[in-house]
Amino acid sequence: MTPAKLAATVLTAARAVFTARGLDLSVLPASITVERPRNPEHGDYASNLAMQVAKRAGLNNPRELATALAEELGRAPGVKSVEIAGPGFLNIRLDAAAAGSLARLVVQAGREYGRSEQLAGQRVNLEFVSANPTGPIHLGHTRWAAVGDSLHRILAAAGAEVTSEHYINDAGAQVERFGRSLMAAATGEPAPEDGYGGEYVAEIAQRIVAADPEILSLPADEALLSFRDQGYLMMLQEMRESLERFGVHFDVWFSERTLHDGGAVEHALDELRKQGHIYESEGAIWLRTTDFTDDKDRVLIRSNGEKTYFAADAAYYINKRERGFDRCIYMLGADHHGYVGRLKAIAACAGDDPDVNIEILIGQLVNLLRGGVPVRLSKRAGNIITLDELVEAVGVDAARYSLARSSTDSTLTLDIEEITRKSSDNPVFYVQYAHARISSLLRNAAELGIGRGDDFDAALLSHERENDLLKTLGDFPAVVATAAELREPHRIARYLEEQVANNYHRFYDACRVLPQGDEAATDLTRARLWLVEATRVVLANGLELLGVSAPERM
RNA sequence: GCGCCCGUAGCUCAGCGGAUAGAGCAACAGACUUCUAAUCUGAAGGUCGCAGGUUCGAAUCCUGCCGGGCGCGCCA
């Protein structure tokens, strides 16, 4: 019996009670969920339905309605008992067999367990990282890389059709500065005032000169363009490789230049003009974003004829919509939260619904300490911690996990010394260890020639630890669905460490699975092997959603 | 000044209106001749920033205040 099935059973019971009493069926919700009480005395599951609907059904005593519900629900198959508590909670206990049968469902579903069709039919464009190709991926981007890629996996698991996308700012002042910085480095001059100064600049410059020695004898303006274009392409290639090593995949790398070169900006201006939100003032072309959710209007074409970055943003959004995405999700750092209003306004000015077609997730920044001392991040000063350095220090799994396990609403503080020195204390190992322990147990079972067979007696899984573990495994689909709906990958990590791994380790401590010495395997052995395999499935599926490996040995 | 985010155990953080607010780390006391002790058990640790409000019920929702982070260009 899954929680979803039980919830449906509760609702069916409620409909029966309402019908029998001539109450208004329309006050019942279309669907409900059951809760998992923290206190075991409150049963396996609990429902607050009676309290929620009593008043609207014209009843002033929720407990009285709860009593009728309890009586009806108590007759449902798989339900062992229903008690009424407090102001009208229904505390529900399941038969051991009904609870234990969940292990069968999980094992049979395998890699599919946790997936749903909740977001089926949604075409989602998920843009994240979008780092300037003027330097390595640094720690600030790395949080979005981990969280964004995980969100990609979670949304897909919830049935959405998702395209992950990385925008390349290859058309603007930043790449120009990068080009000048490269050329200066190649010719032994100091970095320009507004340029980039890290060691990597000199290194890229050397590689360009090595690959293309003629570059230094070109006229200065041609050499500059060549440094710029070769340089950002090299940088881009490094970014891709770093991200792929990190397990982060982008379906599309979208070049800003192609917007300009392909006439997409002009096209966007036409579209916005059609919607009536464009005007001219002081020689510039403006978008009247204040018609919607912006605090000031924005310039699209400057009085000197240059297109603004904002114009490209608008063109990019319209381009996404024309490619068929009905939900455009942007993941931005808190240092860009000022863009929310204007991006929403672009959607509104284009005639879209800013509450549906565009969604902007703002994540707080990462603070970096080294031995308790703040490390300031500055790409231009070259004082940066890169994605590659973090991975080298702690590994992909620990890096991804520690970045993805906290809500992006919270500023994250990482101490380089701590995650390097204490890496064995990282919670990711707690989760991975549970998976490795299971894998080892299953290997031992195979060596002993003990299989779990085609089926098992679910009623044998009646130990308190088994019951806790079963209920935890039953929560997984709802956890994935919630993580998808709220765009919060950290829920997966918290569930895995605080629920699944924790309950498995406790079960393992209390319940012997394999026979000892000369003992023979029993029906209980086989039932527990089903439960163990079901746990392995949930751990593996959950870790997959985080892009973290599920090791068979540690 | 205006806007967004945060404020929960010594530290790092969970807790999409539900019952006695949790985990990890740190610190204390225990458990390994048996399926991996990277584990488990026990004890300890709290004015959920403050004050009102909504509700049968608020850490959670609303308002105000205090404290911290970030942002408010015809920059990119």
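What you see below is based on every heavy atom in this structure, not just the backbone, and it leaves out hydrogens, waters and symmetry mates.
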With sugar-phosphate taken as primed atoms, P, OP1 and OP2 and all else as base, the protein-contact string of nucleotides 11-18 of chain B at under 4.0 Å (heavy atoms; B, S, -) is -SSSSB-B
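- Across the C1' atoms, G64(B) and A9(B) are found 28 Å apart, a figure rounded to whole Å.
- For Asp44(A) and Arg93(A), the salt-bridge test fails: no basic side-chain N is under 4.0 Å from an acidic carboxylate O.
- No side-chain donor-acceptor contact under 3.5 Å links Thr134(A) and Tyr232(A).
- The side chain of Leu365(A) sits closest to C70(B) out of U39(B), C70(B), U36(B).
- Both geometric conditions, a ring-centre gap below 5.5 Å and a plane tilt below 30°, are not fulfilled together for His336(A) over the base of G71(B).
- Contact between the side-chain N/O atoms of Asn502(A) and the OP1/OP2 oxygens of G24(B) is not found at any separation under 4.0 Å.
- A donor-acceptor contact closer than 3.5 angstrom is absent between the side chains of Tyr430(A) and Glu498(A).
- Contact annotation for Asn91(A): base contact, defined as any heavy-atom pair under 4.0 Å involving a base atom.
- Here Ala345(A) pairs with Thr289(A), Phe292(A), Thr293(A), Asp294(A) under the side chain to side chain contact (heavy atoms under 4.5 Å, CB included) rule; sequence neighbours left out.
- Ala434(A) comes within 4.0 angstrom of no nucleic acid atom, judged by non-hydrogen atoms across all strands.
- Nucleotides G1(B) and G46(B) have their C1' atoms positioned 37 Å apart, rounded to a whole Å.
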Polar atom pairs (N or O), protein with nucleotides 59-62 of chain B, under 3.5 Å:
none

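- Taking atom P in both C62(B) and U55(B), the straight-line distance is 16 Å, to the nearest Å.
- Salt-bridge annotation for Arg506(A) and Glu466(A): absent, with no side-chain N of the basic residue lying under 4.0 Å from a carboxylate O of the acidic one.
- Rounded to whole Å, the separation between the C1' atoms of C50(B) and A58(B) comes to 16 Å.
- For Thr308(A) against C74(B), a side-chain-to-base donor-acceptor contact under 3.5 Å is absent.
- Salt bridge annotation for Arg465(A)-Asp468(A): present, with a cationic side-chain nitrogen under 4.0 angstrom from a carboxylate oxygen.
- Nucleotide A19(B) holds its P atom 18 Å from the OH atom of Tyr45(A), rounded to whole Å.
- In this structure, Lys296(A) reaches the G73(B) phosphate: one of its side-chain N or O atoms is under 4.0 Å from OP1 or OP2.
- As a whole-Å value, the separation of Leu343(A) CG from C4(B) P is 16 Å.
- In this structure, the CG atom of Asp297(A) is 13 Å from the P atom of G73(B), given to the nearest Å.
- Look at the P atom in both C48(B) and A19(B): the space between them is 15 Å, to the nearest Å.
- In this pair, Tyr167(A) and Phe254(A) present their aromatic rings parallel. The plane angle is below 30°, not in the 30 to 60° band.
- A salt bridge does not link Arg528(A) with Asp523(A): every distance from a Lys NZ or Arg NE/NH1/NH2 to an Asp or Glu carboxylate oxygen is 4.0 Å or more.
- C5(B) sits 37 Å from A43(B) when the C1' atoms are compared, rounded to a whole Å.
- Among the atoms of the strands shown, none is found under 4.0 Å from any heavy atom of Glu519(A).
- Nucleic acid contact class of Ala46(A) (heavy atoms, under 4.0 Å, all strands): base.
- Side-chain atoms of Asp397(A) and Gln432(A) include a donor-acceptor pair closer than 3.5 Å.
- Looking at residues two or more places apart in sequence or on another chain, you find a salt bridge (charged side-chain N to carboxylate O under 4.0 Å, His left out) between Asp295(A) and Arg298(A).
- Across the protein-nucleic acid pair, Met331(A) atom CE and C4(B) atom P stand 21 Å apart, rounded to whole Å.
- Put simply, the side chain of Asp509(A) and the base of U39(B) share no donor and acceptor less than 3.5 Å apart.
- C4(B) and A44(B) are spaced 43 Å apart, taking the P atom of each and rounding to whole Å.
- The residue Tyr309(A) sits close to a base: some heavy atom pair falls under 4.0 Å.
- Atoms CZ (Arg553(A)) and P (U36(B)) sit 11 Å apart, rounded to a whole Å.
- Along RNA chain B, the nucleotide closest to His42(A) and the one closest to Asn169(A) are compared, and the more 5′ of them pairs with His42(A).
- Asp291(A) and His277(A) share a side-chain donor-acceptor pair at under 3.5 Å.
- In terms of position along RNA chain B, the nucleotide closest to Arg506(A) lies nearer the 5' end than the nucleotide closest to the other residue of the pair Gly172(A) and Arg506(A).
- Paired runs in RNA chain B that reach 3 or more consecutive Watson-Crick or G-U pairs, where each pair keeps both distances under 3.5 Å, cover B:1-7 with B:66-72, B:10-13 with B:22-25, B:28-31 with B:39-42, B:49-53 with B:61-65.
- One atom, CG of Leu441(A), and another, P of U39(B), lie 17 Å apart when rounded to the nearest Å.
- If you measure from atom CG of Leu442(A) to atom C1' of U36(B), you get 13 Å, rounded to the nearest angstrom.
- Aromatic rings from Phe128(A) and Trp144(A) are positioned such that their centres are separated by 6.0 Å or more.
- Ala436(A) comes within 4.0 angstrom of a nucleotide base, judged by non-hydrogen atoms across all strands.
- Side-chain atoms of Thr525(A) and Thr522(A) include a donor-acceptor pair closer than 3.5 Å.
- Using a 4.0 Å heavy-atom criterion, one finds that Asn444(A) contacts the sugar-phosphate atoms exclusively.
- The ring pair (Phe, Tyr, Trp, His ring centres under 6.0 Å) search around His435(A) returns none, not counting sequence neighbours.
- Between Leu332(A) atom CG and C5(B) atom C1' the separation is 14 Å, expressed in whole Å.
- Using a 4.5 Å heavy-atom cutoff, the side chains of Arg494(A) and Pro427(A) are not in contact.
- Across all strands shown, Ala284(A) has heavy atoms under 4.0 Å from base atoms, whether or not it also approaches the sugar-phosphate.
- A sub-4.0 Å separation between OP1 or OP2 of A38(B) and a side-chain N or O of Asn426(A) is absent.
- Remark: the separation of the C1' atoms in A27(B) and G45(B) is 10 Å, to the nearest Å.
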